[in-house]
Amino acid sequence: MSFERGELIREGKSKQVFGVAGSDDKVILHYKDDATAFNGKKFGVVEDKARVNAAISWHLMQYVAKETGIRTHLIERLSDTDQLCEKVDIIMVEVVVRNIVAGSCARRFGREEGEVLPFPMIEWFYKSDPLDDPPMSDVHALTFGWAEQHELEYLRFAAAKVNKALCDFWDALGVDLVDFKIEFGRTPDGRILLADEISPDGCRLWEKGTRRKLDKDVFRRDLGDLGDTYRELYTRIFGNELGA
Ligand code: TMP
Ligand code: ASP
């Protein structure tokens, strides 16, 4: 069966979401080469980013699903940059898991980047571009109706499992998983699925030993060419170089 792009439903900073002709319960996620940081204040186009992120996200989501039993929105790879997914209503709670202090955790709490946490820290951020994704706690999500208690409990449970699986994955490749952000969505029949993407855009990845950054901080902090970094990650994962 072939699936064709329907109307553009949503344009995000790094992906577009299209409807699917003749279906109301599926969408096509299209990855873009656009790179943004600090909620769009910094912008660039990075050659190959779409193909690398789509490939890595597909691989990591399948891996996580297999290792943990957590269900994802993925259905089928349609091309290097397009993925057929179940249509979900995204939960406005961005789930961040940290193993090592970095980024806003270092800034907000005056901690040294690189401090290894005694156990994984799970945090919520409100998914809102105009507000720059502010950090929040259960009470905000519950009071403002962004998630129900049982959903937050599932998000916490799932995030811990995803973290364990991803830490093992990156560990085997000589990389420390510092932190990452994931999103979940609700299906019309009440299931909660791991949605969006798991890619180096939303993770911090440090090479073991050197702590060299292998993620979007290369772009955020002007540390080098993000395309080179992402192609290197691709080769680390898949063993071969990204084709032309
Ligand atoms: P932070 O240190 O800026 O709070 O980010 C923690 C991790 O989550 C980092 O890997 C980047 C990722 N993240 C996103 O990708 N998008 C977001 O909107 C947020 C809040 C975090
Ligand atoms: N994800 C946000 C953006 O793309 C924030 C960041 O990555 O710095 O602008």
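Numbering of ligands and ligand atoms starts at 1, following listing order.
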Ligand-residue contact atoms, ligand 1 with C203, heavy atoms, under 4.0 Å: 10 (O)

Note: K15-E183 ion pair, threshold 4.0 Å (strictly below): no

Donor-acceptor pair between T187 and D189 side chains, under 3.5 angstrom: yes

R98, portion touching ligand 1 at heavy-atom distance under 4.0 Å: side chain

Pocket residues of ligand 2, ordered first by chain and then by residue number (heavy-atom cut-off under 4.0 Å): K13, T36, A37, F38, N39, G40, K216, R220

Close N or O approach (R107, ligand 1; < 3.5 Å): no

Side chains of D215 and W206 in contact at under 4.5 Å (non-hydrogen atoms): yes

Heteroatom distance test (R108, ligand 1): nitrogen or oxygen, under 3.5 angstrom: no

E113, portion touching ligand 1 at heavy-atom distance under 4.0 Å: neither

Beyond-backbone contact of F144 with M136, side-chain heavy atoms, under 4.5 angstrom: no

Minimum-distance protein heavy atom relative to atom 7 (C) of ligand 1: D179 OD1, 3.4 Å

Protein heavy atom at shortest distance from atom 8 (O) of ligand 1: K181 CB, 3.5 Å

Spatial distance of atom CG (D196) from atom CD1 (I90) [nearest 0.5 Å]: 6.0 Å

Closest protein heavy atom to atom 5 (O) of ligand 1, given as residue, atom name and distance to 0.1 Å: R204 NH1, 3.7 Å

Donor-acceptor pair between D176 and N99 side chains, under 3.5 angstrom: no

Protein contact of atom 15 (O) of ligand 1 - nearest heavy atom, named by residue and atom, plus distance: G202 CA, 3.4 Å

Which of the ligand 1 atoms, numbered from 1, are nearer than 4.0 Å to a heavy atom of D133: 17 (C), 18 (O)

Any donor-acceptor pair under 3.5 Å from E94 side chain to K181 backbone: no

R236 side chain to L173 backbone, donor-acceptor under 3.5 Å: yes

Pairs flagged by salt bridge (charged side-chain N to carboxylate O under 4.0 Å, His left out) wherever residues 59-77 is involved - sequence neighbours left out: none

Residue portion contacting ligand 1 (non-hydrogen atoms closer than 4.0 Å) for E94: side chain

Name each donor-acceptor pair under 3.5 Å that joins a side chain in residues 118-125 to protein atoms two or more places apart or in another chain, with its distance.
from, atom 1, to, atom 2, distance (Å)
E123, OE1, R98, NE, 2.6
E123, OE1, R98, NH2, 3.0
E123, OE1, R108, NH2, 3.4
E123, OE2, R108, NH2, 3.2
W124, NE1, D138, OD1, 2.8

Distance filter under 4.0 Å to G103 heavy atoms, resulting ligand 1 atoms: 2 (O)

Which residue and heavy atom of the protein sit nearest atom 11 (C) of ligand 1, plus the separation: R220 NH2, 3.8 Å

Exam field: side chain D33 to backbone K49, donor-acceptor pair closer than 3.5 Å: yes

Minimum side-chain heavy-atom gap E112-V101 below 4.5 Å: no

Side chain to side chain donor-acceptor pair (under 3.5 Å) against K26, all qualifying residues, sequence neighbours excluded: none

Heavy atom of the protein closest to atom 4 (O) of ligand 1 (residue, atom name, distance): S104 OG, 2.5 Å

